[in-house]
**Q** 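This is the structure I want to talk about, given as structure tokens.
Predicted model, so just to flag it, every value in this text is computed and none were measured. Convention: sequence-line order gives letters A, B, ...; per-chain numbering from 1.
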Amino acid sequence: MSDTETTQLPKDIAAEKGLVNVQIDGHWIQVPRGTRMIEACKIAEKEVPHYCYHPKLSSPGNCRMCLVQMGMPPRPAPDQAPVYDEDGYQEIGWMPRPVIACANTVGENMGIRTQGELVEKCREGVMEFLLINHPLDCPICDQAGECRLQEFSVEHGKGESRFKEDKIKKPKNVKIGPRIRLDDERCIMCSRCIRFMDEVADEPVLGFTERGTHTTVGVFPGRELTNNYGLNTVDLCPVGALTSNDFRFQMRTWFLKETDSIDTNCGTGANTTIWTRGNKIFRVTPRQNDDVNSCWMPDSHRLNYVCPTDDDRLTAPLIKVDGVHEETCWENAIEAAADALKQFTPSEIAIIASGRQTNEELFMMRTLAAELGIESLAIVAREEASDDMLISADRNPNTTGAQLTLQDKDVAATLATFREGVYQGEIKALFVASENLLEEAGFTKEDLNALELLIALHTSANATAHASDIVLPGASSAEKFGSMVNVAGRLQKLNAACLPPADARSDWEIIRDLVLALSGDSAEQAPQSIEALFQIIATSIPEFEGKSLATLSNLGETITDTGVTIPLVERENQRKAHGEIVG
Amino acid sequence: MAIIKIKRPKLTLADKLYLPAVIKGLFITFKHAIRAIRGKTHGAEQFNSSGLGVTMQYPETKWDDQLPDYYRGVPALVTDEQERERCVSCQLCEFICPPKAITIIPGEIESDDPWAKVEKRPKEFEIDMTRCIYCGMCEEVCPEQAIYLRDDYAMTGLSRAEMVNDKKRLYEIGGVRTGLVNKWNEIK
Ligand code: SF4
Ligand code: SF4
Ligand code: SF4
Ligand code: SF4
Ligand code: FES
């Protein structure tokens, strides 16, 4: 390079942007200063096998699976000027020993080799040590199919063991809490579970005892893993040492289909993956979204879902004849509902919507109210204390969405008026969606019996459905497409993981058909797809403008600022800012 | 590719008339017929014939004891020498089965069971024999050597439901197989 003085070196160009140049497997890339080597390799799309490293936890560097070869430019002698090659990089002096990629950060002009003989030998060695005492449990191990040990054994393991001695025996099938089973023989001592309970769940109950090959993970004496975030350790565990009682032996993972959706148990709307086979849900796990739930989810929420195979599901429209519910077809049910509603004046009808409904359903509810000439409709408020982690004080998943779609700041206010109206006998007909009126809504059985007409749209055969004159079977949150807005104002998407059971259908279609039956309009005048409906919402409500359900990412998008924050995410951001975790 | 020309054989007058060949054939047939009547047919004994020639009068007589070890009949589950059910419901056979004939509902072994340490066994295990193509993949894939194609070949039924072998039936067909997997013995 003749004009070194006039041309900027790559290191200076990168430094201006806060980046450094790193050579990974022969290619130079720029990554932010302070990036972990393993993250830099991820940016370069080079896989570094690892067990103990997790970006949301501290990095103890104890599994040694992530060993790579590293090199830096040799330190120049005191009076020696650094030598740059024609591309402006210094020559890399490779270190003869490997380093762990998870706990070291990159430096300017660093070289990383994720391949090559040294690295391969390291991985083979680590795998062999990890497997010497490992049981041959794969056929009965729930982790099989998603086990990092299996995966890396295939890539870096031997076909057979050279270990001729007796394997160390450790406790198996230990109940360490109400929801979790521990198999110590399968544990590879990565300490992820221990760190999670300490750093994220803030209830350190797990730890190691013994030394060397006898090291055993376990709960503290006299303690149990009862924490409501405990099942996250099962997701974290790279092997089958920690398994969930709920999912235990239910289905092998390779049969399960994954669908990205969101949790509808509270206003946080934790991002989830729903695992199904056929039309049955087998488990729900958290899906990473750093703005909503990080990688975690409360146990109480992941275990609480409505499945199409549940016994109490409504499977056909019902009409009450002489006090007995009789199954009917959709045409009859919708027509009967429309005819019955027409018998009342607008002031005699009340509509109760739900904060558990999607934006699309709520918008249709509003259309229904308009069609009937009713001015307001109410949702049922669900306020409980927040757990200061992920569970929001608002236990409705879509209160924000209801405020937007119904264009009403206090959507729950009219409920008391409705209750009073029913009590006084002024309200004679009630249409209720996705709510059991005898629960939070505060109605009594007498109230419901006093009504002349009760139409319920719900998924399960609850007390309200029993008291209803017309029952319309809807779809659960795992069975429908739609969107919700979480407490922080983020528009998120539900994707259908299963089909509604038997004759049950998507709620928005049911309400649409009811509106059509009331207005007498032809079907073409109503939206034919959820996307078409969303477009109507997008044109009439400013926050939704320009959005589309089809193009909305599964991570969602913030559409309004509510000023609400999620405590766990806030804490995680702080830890990230302090450099405790990669984030 | 090179073209190979094949020359038609030149037929003699006798060949063209056909008749000598027909007579030759008839002669062989009669020879065997007479032998059969005299009870002198070759192989009558080892083919378990009914006495008249080599014809086996199925189903009155069967040649089940002539079946080779590797015969691939109806797939069935086996128990080991300690009467432990070998299958741990890993569902690999269900996964591999090309026509999806196998349906398994896995379950946990109760803690008071002598084999509780195995932890897992099938709650239900069904093989739909209207679907099974006797390919033997299930036997090949099984990590516990629990499923074998045994020597039953006459699987019949009057309805589709009858053609589905449930767990009980599968163990009846399968019987005991000894000395293969020793993973669950005391010394692991
Ligand atoms: S932890 Fe992984 S390797 Fe070990 S038994 Fe379970 S599936 Fe197999
Ligand atoms: S139980 Fe799992 S997560 Fe915990 S240390 Fe062992 S392998 Fe790691
Ligand atoms: S023999 Fe083949 S088709 Fe029959 S059950 Fe086994 S895998 Fe399925
Ligand atoms: S492969 Fe073997 S152990 Fe696994 S389910 Fe089938 S028969 Fe049972
Ligand atoms: S991932 Fe680096 S040491 Fe475990």
**Q** Heavy-atom count check: over 12 atoms from other residues, nucleotides or ligands less than 6.0 Å from B:L26 CG?
**A** yes
**Q** Taking all atoms of both residues into account, what is the closest heavy-atom pair of A:I140 and B:V88, and its distance?
**A** CG2-CB, 3.5 Å
**Q** Could you give me the CA-CA distance, side-chain angles and deciding distance for B:K123 and A:F249, then say whether side-chain contact (heavy atoms from CB on, under 4.5 Å) is met?
**A** CA-CA 10 Å; B:K123 213 188 296 171; A:F249 301 162; over 6 Å; no
**Q** To the nearest 0.5 Å, what is the distance between NZ on B:K120 and CG on A:N173?
**A** 13.0 Å
**Q** Would you say CZ of A:F220 has more than 12 non-hydrogen atoms from neighbouring residues, nucleotides or ligands within 6.0 angstrom?
**A** yes
**Q** Does the pair B:E108/A:R181 count as a salt bridge with the N-to-O cut at 4.0 Å?
**A** yes
**Q** Check the surroundings of atom CD in B:E140: do more than 12 heavy atoms from other residues, nucleotides or ligands lie under 6.0 Å from it?
**A** no
**Q** Got a donor-acceptor contact below 3.5 angstrom from the A:R252 side chain to the B:L92 backbone?
**A** no
**Q** Roughly how far, to the nearest 0.5 Å, is the CH2 atom of A:W254 from the CD atom of B:Q91?
**A** 7.5 Å
**Q** Give, for atom CD of B:E119 and atom CG of A:D142, the distance between the pair rounded to the nearest 0.5 Å.
**A** 9.5 Å
**Q** Does A:D312 have more than 12 heavy atoms from other residues, nucleotides or ligands lying within 6.0 Å of its CG?
**A** yes
**Q** Give, for atom CE of A:M251 and atom OG of B:S89, the distance between the pair rounded to the nearest 0.5 Å.
**A** 9.5 Å
**Q** So which heavy atom on A:P139 is nearest to which on B:C90, and how close?
**A** O-CB, 3.2 Å
**Q** Between B:K117 and A:E185, does any side-chain N to carboxylate O distance fall below 4.0 Å?
**A** no
